[in-house]
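One structure is given here, and the rest of the page talks about it.
Order of the sequence lines fixes the chain letters, A, B, ..., with proteins taken first and strands second; residue numbering starts at 1 for each chain. Because the structure is predicted, anything quoted here is derived from the model rather than measured.
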Amino acid sequence: MTGRGRPRKEKSPDSKLSKSRTRPQQTKTSPPRRAARTEKETKTTNGPKKQDPQKPDHTEEKPSAQKTRKGKTTNHFMEETNVQCRTPRDSPAPKTSSTQRSALETKATRSSTPKEKSSQKTKEKESTCQATFQKEPAKKLVTQPRTPQGPAETYGVRAKANGCLSDEITAKQTKTLKDIRRVSVHEKATNALTKMKQVSFEEKVDTTLHMTLKNLKIKKKDISCASEVVNEIQRHVIKHLKQNTICFKDVEEPLRTGSYYENLKISNPDEFDVMLPIPVDRVNIEPFGSDGAFYSVGLKRGKSSLQKFEEEFEDNSILSATKMLEEFRKEVKECLKECKEWTMTKKKRGCPAVTLTTTVQAVPISLDLVLCLGVKSSWPSFTKDGLKIEHWLGSKVKQEYKRKSYYFVPKYEGRGTAENDGIPAKDVWRISFSHIEKAIIKNHGSEKTCCEKAGTSCCRKDCLKLVKHLLHLLKEKNPSFDKFCSYHAKTTLLTSCCSRTSDTDWKASDLSPCFQLLLDDFCKHLRNGQLCNFFIPSQNLLSGPGAKMCGNLADCIKEQCEKGFPIFQQELKMY
DNA sequence: CCAGGCTAAACAAG
DNA sequence: CTTGTTTAGCCTGG
């Protein structure tokens, strides 16, 4: 890893190439990064997950981790009493002595005196959390959340998530007055306990979320390593396209899109998305299908370097996405001959990207090169009701965006042979506004200074990272969710930002409630089976997964919310 | 076109 | 916590 820090401008492409060629050997001799990391940063790194989230490996670790939790509750309780605001979640055991109980009560009243029942507002949490992060071992944070019918039952009271006391009273109606009085005494105690537990529960959620976010951060060193090789191959490919091809020689500056370049990448800098735009002017576009997301693209008459990709259909000709992508693949493959450390993955049907993979320090990295057409004219009419950012970012900003180009990527859905007006799906293009998404994410505040160093910081991006991560983990656990993707999360965030437009709706200190509100929004979309493309409202992004799966996912998310995100806690446990 | 300045984010130190 | 440093990526003015 030494010597990586030197300024890139000093390197000539050639020297870099030769250097890279030797790298595979280096990786063999040098210890895998995971091992190297354990010296220092083990607690915050995501080592175990490193290689391949899809591998079932990690499932082995979970049961054992669960075991360690069992039977430690009493001990755990004693430990916890030393920590301010960190009250037992697993319970006061039924046998809790009166002294212990009163200690708890006083603590409850002292530490928080919660006036409102369900205090969604969790103020000044951050300081507590921050301290917790540094001092407390992670294992402490990962105890099982209090189950709905928790130990409170031992007091003859049904403890509900929100402690609805009226229920409890009706349950006792048949009892004698004496009993009721006795109960009410207990109620008092329980009430305090319940409230205390709520605080504890919410705090625990808050801590879990912050810890999770912390673990999702990508290491500076990893960024350096990955970006060096990724930038190098990018430059190489672009140079090749410009110098050695005719049809792609007009390729413009790459549009670096996707999570990494939006600072939304989580866990590892292992996926890079780059769009390579070929400018086209004066095109005829025709919607393919009814939702306005796919189009056939015809070149207007006149010579063009793209003419060789035209297909004749009835009276006009269109640019065949498949042909063009094939040629692009061929050219990229050609330049990989000089970059042996990169390999190209097999073509996936309907996929717009040519995916290149390599490993840096034993860590796999993939780079998606997406050929696209850049269109400078005004956006198609299907976008008319999209991008409703007026109240959030302002209409000037909107106009600014709408003046920009838009792009087409060679992506189709379903079988390539499906026809529409005689045009096969494999020859159509999907519209893309990735550059606008990136611009919005980068400039996401209602106030211009949002998240700038002089301004107030918000939690919009953190919320999105968490939703993405949650979705990722749920998909890992349940492969039937594979039709859901991070774009659903992103679109949900953008949509939610348009309804909660103020920066104060997303205060950085309100991460937990904001995140859960965002999940609420997501679940609502899922239950309705409808999530509109942010730019093309007529396209429903949830038509793919189907109603049943949407319902299932919403159930899973709801469960996670109610239980305090055990799926995150389980992960934290591993570090 | 590209050098140099700027920003966001990670990170280290106090 | 605050402050400063480093880095990659981005933007811009000459």
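- Nucleotide C:dC11 holds its C1' atom 14 Å from the CD atom of A:E452, rounded to whole Å.
- Every side chain to side chain contact (heavy atoms under 4.5 Å, CB included) that A:E271 has, sequence neighbours left out, goes to A:K265, A:S366.
- When each of B:dA10, B:dC11, C:dG9 is scored by its nearest atom to the side-chain atoms of A:N231, the top-ranked nucleotide is C:dG9.
- In this entry the distance linking NZ of A:K219 with P of C:dT7 reads 17 Å, nearest Å.
- Contacts of A:T495 classified as side-chain hydrogen bond (donor to acceptor under 3.5 Å, both in side chains), with partners at least two apart in sequence or in another chain: none.
- Between A:N263 and the phosphate of C:dG9, there is no side-chain N or O to OP1/OP2 separation shorter than 4.0 Å.
- Remark: A:T504 pairs with A:S502 by the side-chain hydrogen bond (donor to acceptor under 3.5 Å, both in side chains) rule, at least two apart or across chains.
- Contact annotation: A:R256 reaches the phosphate of C:dC10 (side-chain N/O to OP1 or OP2, under 4.0 Å).
- Residue contacts for A:K461: at a heavy-atom cut-off of 4.0 Å it reaches the sugar-phosphate backbone alone, with no base atom in range.
- Taking side-chain N and O atoms only, A:S224 has a distance below 4.0 Å to OP1 or OP2 of C:dA8.
- To the nearest angstrom, P of B:dA10 lies 9 Å from CG of A:D462.
- The side-chain hydrogen bond (donor to acceptor under 3.5 Å, both in side chains) test applied to A:N244 returns A:H240, not counting sequence neighbours.
- Rounding to whole angstrom units, CD of residue A:E253 and P of B:dC2 are separated by 11 Å.
- A:K265 places its NZ atom 13 Å from the P atom of B:dA10, with the value rounded to the nearest Å.
- When the side-chain nitrogen and oxygen atoms of A:Y260 are compared with OP1 and OP2 of C:dG9, one or more of them lie within a distance under 4.0 Å.
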Please set out all donor-acceptor pairs under 3.5 angstrom arising from side-chain atoms of residues 449-457 of chain A, sequence neighbours excluded.
none

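- Computed from C1' positions of five pairs at each end, the angle between the two local axes of the helix from B:dC1-C:dG14 to B:dG14-C:dC1 equals 20°, rounded to 10 degrees.
- In this entry the distance linking NZ of A:K221 with C1' of C:dA8 reads 17 Å, nearest Å.
- Screening A:K465, A:K490, A:R460 for a salt bridge (Lys or Arg N to Asp or Glu O under 4.0 Å) with A:E262, the sole residue that qualifies is A:K490.
- With sequence neighbours left out, the side-chain hydrogen bond (donor to acceptor under 3.5 Å, both in side chains) criterion links A:K303 to no other residue.
- A:K220 contributes a side-chain N or O that forms a donor-acceptor pair with the base of C:dT6 under 3.5 Å.
- In this entry the distance linking CD1 of A:I223 with P of B:dA8 reads 15 Å, nearest Å.
- Using a 4.0 Å cutoff on non-hydrogen atoms, no part of residues 433-442 of chain A comes near DNA chain B.
- Among residues two or more places apart in sequence or in another chain, the salt bridge (Lys or Arg N to Asp or Glu O under 4.0 Å) test is passed with A:K398 by A:E390.
- In this structure, A:K507 places its NZ atom where only 12 or fewer heavy-atom neighbours from other residues, nucleotides or ligands lie under 6.0 Å away.
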